[in-house]
Amino acid sequence: MLLFREKVPAEWLPKMMADLPAVLVDHAHLERKAATSALNLEKYRDLYGRVEELNAIAIEELQHFQLVLNLLKRRGIPFGQPHASPWIGGLMKSVRGGERFQVIDHLICASLIEGRSCEKFQFLAEALKEKDADLSNFYASLVESEGNHYATYLLMAKEIDENETDRRLDFYLDLDAKLIRQPNESAILH
Ligand SMILES: [Fe+2]
Ligand SMILES: [Fe+2]
């Protein structure tokens, strides 16, 4: 169901496994940003009719954020600073201005972020099975929700303008493929 044109680089998973506390702090911020992103989408005229759906996503992301904070507390990991993601930054930098263009690009970016999260949480759930069953189950429990967000945002864009969404999706899938290959120093999910 995910449309990505490039695999998550092989070095990503070992880097995550080597610094799980940092990954969890980054994950907490990712869920926080996902909640604000759902709320930010409510500013677009084309999405006024979807405001309750977007609120529901924001609430779900806020719950995910709280679940990660609970995990941090249980594990004695202090909440820390967010790290900028060059991948997310690169996608968002290409959001065009203009009423129709902006909402479609923003929705596609939000969709791809959710889609990559869905994919990466699956990898983490699988890799953590033996090493950390508790964390493995936690990541597995988020996969469906992030996959639904991926699909919901993409459908929202298509309902605004299907042809424009397909054109921009083609552009963004190429951009994602290019950006995801760039190496990351820190143990961040994206
Ligand atoms: Fe989430
Ligand atoms: Fe999500």
Side-chain angles (χ1 to χ4, degrees), residues 1-4 8 12-13 16 20-44 47 50-75 77 79-85 87-92 95 103-128 132 134-160 165 169 172-173 176 179-180 187-190:
M1 166 194 131
L2 297 168
L3 300 162
F4 295 115
V8 173
W12 176 83
L13 189 56
M16 297 300 108
L20 291 171
V23 170
L24 283 170
V25 172
D26 180 59
H27 184 177
H29 284 290
L30 188 69
E31 300 291 359
R32 179 184 59 74
K33 286 184 262 184
T36 50
S37 172
L39 294 175
N40 283 335
L41 287 164
E42 295 175 355
K43 71 186 175 192
Y44 297 111
L47 292 174
R50 320 296 295 259
V51 70
E52 289 188 31
E53 268 172 276
L54 289 164
N55 265 353
I57 294 178
I59 290 166
E60 217 173 293
E61 302 293 21
L62 209 49
Q63 284 165 343
H64 294 169
F65 180 28
Q66 186 59 48
L67 289 173
V68 186
L69 288 179
N70 296 346
L71 254 172
L72 289 176
K73 205 182 286 173
R74 278 211 302 279
R75 290 169 180 240
I77 303 164
F79 186 54
Q81 269 199 317
H83 289 276
S85 156
W87 176 76
I88 293 178
L91 292 179
M92 292 303 291
V95 172
V103 64
I104 285 176
D105 287 6
H106 199 161
L107 280 167
I108 292 173
C109 287
S111 169
L112 295 187
I113 295 166
E114 297 289 336
R116 282 297 191 190
S117 292
C118 170
E119 187 182 31
K120 287 175 171 177
F121 291 175
Q122 265 172 302
F123 292 148
L124 283 168
E126 190 57 40
L128 287 161
D132 191 333
D134 178 49
L135 201 52
S136 166
N137 292 335
F138 175 63
Y139 276 111
S141 76
L142 295 178
V143 167
E144 192 184 340
S145 165
E146 310 304 5
N148 285 339
H149 299 157
Y150 158 84
T152 301
Y153 286 147
L154 202 54
L155 286 173
M156 282 183 180
K158 281 180 187 269
E159 275 169 31
I160 295 169
T165 298
L169 189 58
Y172 269 110
L173 288 171
D176 161 75
L179 291 172
I180 204 165
I188 54 175
L189 284 156
H190 294 310

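All ligand and atom numbering here is 1-based and tracks the order in the structure.
- Taking the six-membered ring where tryptophan is involved, the planes of H106 and Y44 are perpendicular, since the angle between them exceeds 60° and thus also 30°.
- The ring pair (Phe, Tyr, Trp, His ring centres under 6.0 Å) check on W12 picks up nothing, with sequence neighbours excluded.
- With sequence neighbours excluded, the residues satisfying side-chain hydrogen bond (donor to acceptor under 3.5 Å, both in side chains) with H29 are R32.
- Protein atoms that are N, O or S and lie under 2.8 Å from the Fe ion (ligand 1) are these: E31 OE1, E61 OE1, H64 ND1, E146 OE2.
- D105 is linked by a salt bridge (charged side-chain N to carboxylate O under 4.0 Å, His left out) to R96, R168, counting only residues two or more places apart in sequence or in another chain.
- Judged purely by distance below 3.5 Å, without hydrogens or angles, the side chains of E53 and T152 never pair a donor atom with an acceptor atom.
- The six-membered or imidazole ring of H27 lies away from that of F65, with a centre-to-centre distance of 6.0 Å or more.
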